[in-house]
J.: 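Before I ask anything, here is the structure I am working with.
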Protein chains: 2
Amino acid sequence: MLDHSFHSPLPPTRLTTKQQAVLTQLERLQEAVSAQRLYAELRQHGESLGLATVYRSLDLLKLKGLVQSRTTTDGEALYSPIQQDQHYLTCLQCGSSVPLDFCPLQAMENQLRRSQAFTIYYHTLEFFGVCEPCTHQAQ
Amino acid sequence: MLDHSFHSPLPPTRLTTKQQAVLTQLERLQEAVSAQRLYAELRQHGESLGLATVYRSLDLLKLKGLVQSRTTTDGEALYSPIQQDQHYLTCLQCGSSVPLDFCPLQAMENQLRRSQAFTIYYHTLEFFGVCEPCTHQAQ
DNA sequence: TAAGATAATGATAATCATTCCCATTTTAGC
DNA sequence: GCTAAAATGGGAATGATTATCATTATCTTA
């Protein structure tokens, strides 16, 4: 279970049942998923809620600093609980992304926090190039 | 004028006139722009070409390692010549992005090049949080 | 240089994630 | 319990991007 107690851009008002369900399901899945996928998972688990509510809940959870999102090369947003899968190698040819398992940026982030009039909640780092399989096939 | 001679994922076939126009216009504009915006600019400058061609050209230019793109929080892709505006502070509330003017990642990127079976062409680093103006207004 | 093959282009329709709208339901404060 | 505010559902609207396909330009090679 994650700790949700750190400083966040929105005051810590209580989550509604649906919002909590969205967050819980997102934490169960061990990967970054789209809103549509999350919606399908929730329905499969017997949760009764609409797609619009999933989108609204995810936006709110982002503002509360509990959820982050990144956007794939074909314009789909993928959501995950914060502090997870923030670094990627993304292939320019096939579009696949594999997460990196380390983050060398903490010191830099701390420095930025002090020097800029900007409150940082998370960051993403993405390398774009061509993956091994794609190098073996003519584009 | 930028140097386009470095190693890229596609063989260095010649660009068509339209593709060259897309690239040139992108280099003229001193900021990352959407495909739609670039299309409008090209038409204003008397260039005769279709929107689909702009999208196709941008995809090709990305594969050739001449152009990069990133996606805004509302799902719009912004394009720019490579090596420019790769680092951002992005506000979770208003969605504004301001570029950072430094990149502390070159060493790390070089190390990655050696250790991974992945050819890197460029990277993006984005910090998400709340900007100064947004901190002064209740969400 | 002309014919045929191949790639590029333009216009428009189709796609699809996301947002908007609004009637209904739930929640919070009193 | 009553009233106002917030949340929700479902379906329509939006808008960026992609697909389609007929047409045009380019390249190859004889």
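Each chain gets a letter, A, B and so on, in the order the sequences are listed, and its residues count up from 1. Bear in mind the structure is a predicted one, so any value in this text is a computation, not a measurement.
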J.: So, taking the atom named CD in B:E76 and the one named OG in B:S69, what distance separates them when rounded to the nearest 0.5 Å?
T.: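 The CD atom of B:E76 sits 11.5 Å away from the OG atom of B:S69.
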
J.: What is the distance, rounded to the nearest whole Å, between atom CG of A:L38 and atom P of C:dT18?
T.: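 So the CG-P distance, A:L38 to C:dT18, works out to 12 Å.
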
J.: Do B:L26 and B:L58 have side chains that approach each other closer than 4.5 Å (heavy atoms only, starting at C-beta)?
T.: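 Side chain of B:L26 against side chain of B:L58, heavy atoms only: contact under 4.5 Å found.
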
J.: Got a second to check how far B:K64's NZ is from B:D59's CG, nearest 0.5 Å?
T.: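 The distance works out to 13.5 Å.
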
J.: Side-chain N or O of A:K18 versus OP1/OP2 of D:dG9: is the shortest distance under 4.0 Å?
T.: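 Answer yes for this pair, as a side-chain N or O of A:K18 is under 4.0 Å from OP1 or OP2.
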
J.: Taking C-beta and beyond as the side chain, do B:Y79 and B:K62 meet within less than 4.5 Å on heavy atoms?
T.: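 Yes, their side chains come closer than 4.5 Å.
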
J.: Do A:R37 and A:E31 meet the salt-bridge criterion of a basic N to acidic O distance under 4.0 Å?
T.: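 Yes, this pair counts.
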
J.: What protein N or O atoms touch nucleotides 13-16 of chain C N or O atoms at under 3.5 angstrom, if any, and at what distances?
T.:
none

J.: Just how far, in rounded Å, is C1' of D:dT14 from CD of B:E76?
T.: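 Answer to the nearest Å: 13 Å.
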
J.: Taking the axis from the first five pairs and the axis from the last five, what angle separates them in the helix from C:dT1-D:dA30 to C:dC30-D:dG1, rounded to 10 degrees?
T.: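 Nearest ten degrees gives 40° for this helix.
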
J.: State plainly whether one hydrophobic cluster holds both B:F128 and A:I82, where clusters connect Ile, Leu, Val, Met, Phe, Trp and Tyr through side-chain heavy atoms under 4.5 angstrom apart.
T.: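 Looking at the clustering, A:I82 is in the same group as B:F128.
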
J.: Please find the pair of heavy atoms, one from A:Y39 and one from A:L51, that lie closest to each other, and give the distance.
T.: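 Taking every non-hydrogen atom into account, CE1-N, 3.4 Å.
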
J.: Between D:dT17 atom C1' and B:R37 atom CZ, what is the distance in whole Å?
T.: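 Rounded to whole Å, this separation is 19 Å.
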
J.: Would you mind reading off the distance between A:K62 atom NZ and C:dT19 atom C1', rounded to a whole angstrom?
T.: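 Spelled out: NZ on A:K62 to C1' on C:dT19 is 14 Å.
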
J.: Please pick, from D:dA16, D:dG9, C:dA17, the nucleotide with the shortest atom-to-atom distance to any side-chain atom of A:T53.
T.: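 Of D:dA16, D:dG9, C:dA17, D:dG9 is nearest to the side chain of A:T53.
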
J.: Whole-Å distance between D:dA5 C1' and A:R14 CZ?
T.: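 The distance from CZ of A:R14 to C1' of D:dA5 comes to 18 Å, rounded to the nearest Å.
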
J.: In whole Å, I'd like the distance from the CD atom of A:Q19 to the P atom of C:dT26.
T.: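 In whole Å, C:dT26 P and A:Q19 CD are 16 Å from each other.
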
J.: With DNA chain C as reference, determine whether B:T17 or A:S34 sits nearer its 5' end, using the nearest nucleotide of each.
T.: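 Nearest-nucleotide comparison on DNA chain C picks B:T17.
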
J.: In Å, rounded to the nearest 0.5 Å, how long is the span from CG of B:L66 to CD of B:E27?
T.: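 CD of B:E27 is found 8.5 Å from CG of B:L66.
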
J.: For B:V67 versus B:Y122, what's the shortest heavy-atom pair and its separation?
T.: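 That closest heavy-atom pairing would be O-CE2, 4.5 Å.
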
J.: Under 3.5 Å between N/O atoms: give me all the protein pairs with nucleotides 18-24 of chain D, atom names plus distance.
T.:
none

J.: At what distance, to the nearest 0.5 angstrom, does NE2 of A:H87 lie from NE2 of B:H123?
T.: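 Here the rounded value is 11.5 Å.
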
J.: Can you tell me how far P of C:dT25 sits from CG of A:L49, to the nearest Å?
T.: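 Spelled out: CG on A:L49 to P on C:dT25 is 17 Å.
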
J.: Among the nucleotides C:dT9, C:dT18, D:dT17, which one has an atom lying closest to any side-chain atom of A:A77?
T.: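 The listed nucleotide nearest to A:A77's side chain is C:dT18.
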
J.: Check the distance between C:dG10's P and B:E47's CD and give it to me in whole angstrom.
T.: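 About 9 Å, once rounded to whole Å.
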
J.: OP1 or OP2 of D:dA25 versus the side-chain N and O atoms of B:T16: is any pair under 4.0 Å?
T.: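 Answer is no, no contact under 4.0 Å.
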
J.: Inspect the contact between B:R70 and B:E126 and indicate whether a charged nitrogen and a carboxylate oxygen are less than 4.0 angstrom apart.
T.: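 Yes, charged N to carboxylate O under 4.0 Å.
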
J.: Remember a base hit wins even if backbone is also touched, and classify B:S48 as base, sugar-phosphate or nothing at under 4.0 Å, heavy atoms.
T.: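 If one applies the 4.0 Å heavy-atom cut-off, B:S48 turns out to touch the sugar-phosphate alone, with no base involved.
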
J.: Please tell me whether B:V22 and B:L78 are part of a single hydrophobic cluster in this structure, the criterion being side-chain heavy atoms less than 4.5 Å apart.
T.: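 No, separate clusters.
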
